[in-house]
Structures are given as C-alpha cells and as structure tokens.
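Accompanying notes for the structure given below.
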Amino acid sequence: MTDLRREFDQAAKDIQRLATRPDNDTLLKLYALYKQGSEGDLKRAQPGFFDFVGTAKHEAWAQLNGVTEEEAMRRYIALVHQLLA
C-alpha cells in the first residue's frame with residue numbers, strides 16, 4: 001500500500017471525528033472525491049428522476065471524470081485536513 005493510499009484511508013477515518021456536520025455542498029465534494037479516489041471515473045448509470053440525493057451524488061462524481069485517482073486522493077486529504085483544522 002502506498003503512502004498516499006494510507007493517508008487517504010486515514011483521512012476517511014478522520015472525517016468521522018468532525019464535531020459538526022458539513023453543509024451539503026461540502027458533503028457532495030467529499031463523496032465525489034472519495035469515489036474518484038477509490039474507484040476512478042464514474043461508470044454507473046444516472047439514478048432515477050425522483051432520486052434527488054442519488055442524482056446529486058452522481059452529478060458531483062461525474063464532474064471529476066478525468067481527474068486521476070491520485071489527484072482525487074490528494075484533494076480529498078486536503079479537504080479533510082481543512083475541515084478538521
């Protein structure tokens with residue numbers, strides 16, 4: 001396991017320690033960066049029309065298509081550190 005992967009996994013654990021819940025936009029960023037960092041480009045079909053949360057997550061992740069997994073991990077780690085500061 002690379003150092004970057006270890007730091008990414010640790011950031012995913014550390015985010016659970018937040019005292020307050022981030023706003024929805026920040027949660028979507030965290031979700032999208034985590035998915036891009038762990039799975040790469042989105043390959044799933046868009047959720048149904050009435051699945052508003054699923055659609056928002058899908059769109060947030062789709063905006064990161066083309067970003068490397070390593071870059072997404074770095075951005076995720078930086079965002080987590082910013083939120084914990």
Side-chain angles (χ1 to χ4, degrees):
M1 183 181 294
T2 67
D3 289 340
L4 180 60
R5 175 59 72 174
R6 265 193 287 276
E7 196 174 349
F8 179 72
D9 291 341
Q10 185 60 48
K13 292 176 186 172
D14 291 345
I15 197 68
Q16 304 297 323
R17 295 186 295 127
L18 282 179
T20 59
R21 184 179 187 270
D23 62 82
N24 288 340
D25 287 339
T26 303
L27 287 173
L28 283 173
K29 284 181 195 175
L30 285 166
Y31 172 82
L33 288 168
Y34 182 83
K35 295 299 268 183
Q36 187 72 15
S38 59
E39 297 182 30
D41 286 346
L42 176 65
K43 296 174 184 79
R44 298 179 186 164
Q46 179 140 355
F49 180 76
F50 291 107
D51 182 359
F52 302 115
V53 173
T55 298
K57 288 179 172 182
H58 185 275
E59 289 174 0
W61 186 5
Q63 289 177 353
L64 294 176
N65 277 351
V67 174
T68 66
E69 290 181 30
E70 292 80 13
E71 178 60 24
M73 283 187 222
R74 286 186 193 94
R75 291 183 193 178
Y76 180 83
I77 293 164
L79 182 54
V80 169
H81 288 164
Q82 177 186 346
L83 291 171
L84 290 172

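All values below were derived from every heavy atom in this structure, side-chain atoms included, with hydrogens, water molecules and symmetry-related copies excluded. No experiment lies behind these values; they were computed from the predicted model shown.
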In the single-linkage hydrophobic clustering (I, L, V, M, F, W, Y; side-chain heavy atoms under 4.5 Å), do [X] and [Y] co-cluster?
| X | Y | answer |
| --- | --- | --- |
| Val80 | Leu18 | yes |
| Leu30 | Trp61 | no |
| Val67 | Leu42 | no |
| Leu79 | Ile77 | yes |
| Leu64 | Ile15 | yes |

Could you pull out the closest heavy-atom pair between [X] and [Y], with the gap in Å?
| X | Y | result |
| --- | --- | --- |
| Leu83 | Thr26 | CD1-CG2, 3.8 Å |
| Gly37 | Ala72 | N-CB, 3.6 Å |
| Glu39 | Lys43 | O-NZ, 4.2 Å |

query = Knowing that exactly one of Arg17, Gln16, Gln10 qualifies, which makes a side-chain contact (heavy atoms from CB on, under 4.5 Å) with Lys13?
reply =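 Single side-chain contact (heavy atoms from CB on, under 4.5 Å) partner of Lys13 among Arg17, Gln16, Gln10: Gln10.
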ask   = Can you check side-chain contact (heavy atoms from CB on, under 4.5 Å) on His58 and Lys35, steps first, answer last?
value = CA-CA 10 Å; His58 185 275; Lys35 295 299 268 183; over 6 Å; no
Would you mind reporting whether [Y] and [X] have side-chain heavy atoms less than 4.5 Å apart?
| X | Y | answer |
| --- | --- | --- |
| Leu27 | Arg21 | yes |
| Val53 | Lys57 | yes |
| Gln63 | Gln36 | no |

Under-4.0 Å salt bridge between Arg6 and Asp9 =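 Between Asp9 and Arg6 there is no salt bridge, as every charged N stays at least 4.0 Å from the carboxylate O atoms.
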Cationic N near anionic O, under 4.0 Å, Arg74 to Glu70 =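 Salt bridge absent between Arg74 and Glu70.
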request  = Describe, in one word, how the ring planes of Tyr34 and Phe8 are oriented to each other, choosing from parallel (under 30°), tilted (30 to 60°) and perpendicular (over 60°).
outcome  =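 The rings of Tyr34 and Phe8 lie parallel, inter-plane angle below 30°.
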